[in-house]
Amino acid sequence: MVQAAKTRTELKVAPRAVLGKKVKVLRRQGVTPANIYGSHVESQSIQVSTEELRHVLKTAGRNDIVYLRLDGDEPRPTFVRDVQQNPVTDAILHVDFLQISLREKVKADVPLHLVGMAPAVDTYQGILMHGLDHVTVEALPTEVPSFIEVDVTTLAEINQALHVSDVPVPEGVTMLTDLEQVIAKVAPPAVEPEPEVEEEEEAVEGEAPEEGAEEAPAEGAPEPAESESE
């Protein structure tokens with residue numbers, strides 16, 4: 001169970017004067033409108049090269065710090081927090097950057113990546129069930145893991161499980177997710193139900209009555225009159 005190594009990512013941005021629906025012009029020019037916001041900074045409209053932005057989004061995870069260079073100022077540490085895309089073409093429409101302080105702890109959701117093969121799946125044909133796909137931690141921005149790998153090779157028996165408490169976190173990182181929550185568990189193999197046997201009908205439609213049995217009169221027919229004795 002390890003965390004990914006972090007690399008420094010920088011992105012050059014510029015102030016943006018074009019607002020509202022007019023930003024369509026920027027997109028046609030290969031520029032994406034964006035905003036910078038944060039608890040200690042005033043929200044600011046910016047713009048960034050779409051090509052450079054795409055490259056950063058492919059290489060930097062949600063918890064990786066992106067340093068924005070704006071007008072030659074000192075690089076601003078940020079997290080990418082909201083990426084709006086066209087639902088049909090996937091074209092990037094707008095991006096929000098959250099400016100952070102490197103000296104203040106942040107809360108972040110860290111993805112969990114299951115690795116390895118659970119022996120109980122191969123030995124007993126068990127089914128590996130996923131309980132959580134992320135955990136929430138608190139740490140300095142530079143210490144937040146990009147993701148955490150969870151080794152499932154210890155799951156050797158049916159109904160055996162890995163909990164959040166089984167995930168060791170790096171020094172300086174505090175786990176906020178309930179430690180009893182299940183991350184992965186091997187469930188018993190699915191059992192196919194046996195086909196139900198239909199009971200034989202007591203009487204077959206159209207079957208002749210038994211010998212000696214009186215035949216019931218047809219519906220609506222008059223009953224035969226009883227003979228009178230002389």
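- P119 approaches L155 most closely through the heavy-atom pair CD-O, 3.0 Å.
- Distance check: R27 CZ to T50 OG1 gives 9.0 Å after rounding to the nearest 0.5 Å.
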Report task. I would like to know whether Y37 and D96 meet side-chain contact (heavy atoms from CB on, under 4.5 Å); could you show each step before the answer? Result -> CA-CA 8 Å; Y37 72 97; D96 283 336; 3.9 Å; yes
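- Shown here for P188 and I127, the closest heavy-atom pair between the two residues is O-CD1, 4.0 Å.
- No continuous path of hydrophobic side-chain contacts links L26 to V83 [ILVMFWY only; heavy atoms under 4.5 Å].
- A chain of hydrophobic side-chain contacts below 4.5 Å, direct or via other Ile, Leu, Val, Met, Phe, Trp or Tyr residues, connects L132 to V186.
- Geometrically, R8 engages Y67 in a cation-pi contact, judged by NZ or CZ lying under 6.0 Å from the ring centre and within 45° of the ring axis.
- The shortest distance between side-chain heavy atoms of E52 and L11 falls below 4.5 Å.
- Using a 4.5 Å cut-off on side-chain heavy atoms (C-beta onward), P15 and I46 make no contact.
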Query raised in the report: Can you check side-chain contact (heavy atoms from CB on, under 4.5 Å) on S45 and L19, steps first, answer last?
Result: CA-CA 8 Å; S45 299; L19 305 173; 3.7 Å; yes
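- Contact of the L70 side chain with the L68 side chain is not registered, since no non-hydrogen atoms from C-beta on lie closer than 4.5 Å.
- Residues L102 and P77 come closest through the heavy atom pair CD2-CB, 3.8 Å.
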Report task. Verify side-chain contact (heavy atoms from CB on, under 4.5 Å) between M175 and V164, making sure each step is shown before the conclusion. Result -> CA-CA 9 Å; M175 180 68 70; V164 174; 3.8 Å; yes
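- P141 and E104 get closest at one heavy-atom pair: CD-O, 3.2 Å.
- What you find for N63 and P111 is that their closest heavy atoms are ND2-CD, 4.3 Å.
- For the side-chain hydrogen bond (donor to acceptor under 3.5 Å, both in side chains) condition, the pairs that include at least one residue of residues 105-117, sequence neighbours left out, are D109-T136.
- Taken to the nearest 0.5 Å, the OH atom of Y124 stands 10.0 Å off from the CD atom of Q160.
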Query raised in the report: side-chain hydrogen bond (donor to acceptor under 3.5 Å, both in side chains) between S146 and D64: does it pass, once the steps are laid out?
Result: CA-CA 6 Å; S146 297; D64 290 335; 2.6 Å; yes
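- Residue Q84 comes nearest to D82 through the heavy atom pair NE2-OD2, 3.6 Å, listed as atom of the first residue, atom of the second, then distance.
- Annotation: side chain of V56 is in contact with side chain of T9 (closest heavy-atom distance under 4.5 Å).
- Rounding to the nearest 0.5 Å gives a distance of 6.0 Å between OG1 of T174 and CD of E138.
- A 4.5 Å side-chain heavy-atom check between I100 and F79 finds at least one atom pair inside the cut-off.
- Screening I183, V182, D178 for a side-chain contact (heavy atoms from CB on, under 4.5 Å) involving H163 leaves a single residue, V182.
- Considering CG of D151 and CG of L162, their distance stands at 8.0 Å, rounded to 0.5 Å.
- Tracing side-chain contacts under 4.5 Å through hydrophobic residues (I, L, V, M, F, W, Y), one reaches V173 starting from I65; they form part of the same cluster.
- Summarising the geometry, atom CD1 belonging to I148 is positioned 12.0 Å from atom CG belonging to L114; distances are rounded to the nearest 0.5 Å.
- Atom CG of N35 sits about 4.0 Å away from atom NE2 of H94, to the nearest 0.5 Å.
- When hydrophobic clusters are built by joining Ile, Leu, Val, Met, Phe, Trp and Tyr residues whose side-chain heavy atoms come closer than 4.5 Å, directly or via intermediates, F97 is not grouped with V31.
- Judged as a salt bridge (Lys or Arg N to Asp or Glu O under 4.0 Å), and not counting sequence neighbours, the contacts of R69 are E10.
- For the pairing with I92, the side-chain contact (heavy atoms from CB on, under 4.5 Å) check across V48, N86, T32 returns one residue only, T32.
- V110 and L98 fall within a single hydrophobic cluster, where Ile, Leu, Val, Met, Phe, Trp and Tyr are joined by side-chain heavy atoms under 4.5 Å apart, directly or via other members.
- V25 places a side-chain heavy atom less than 4.5 Å from the side chain of R28.
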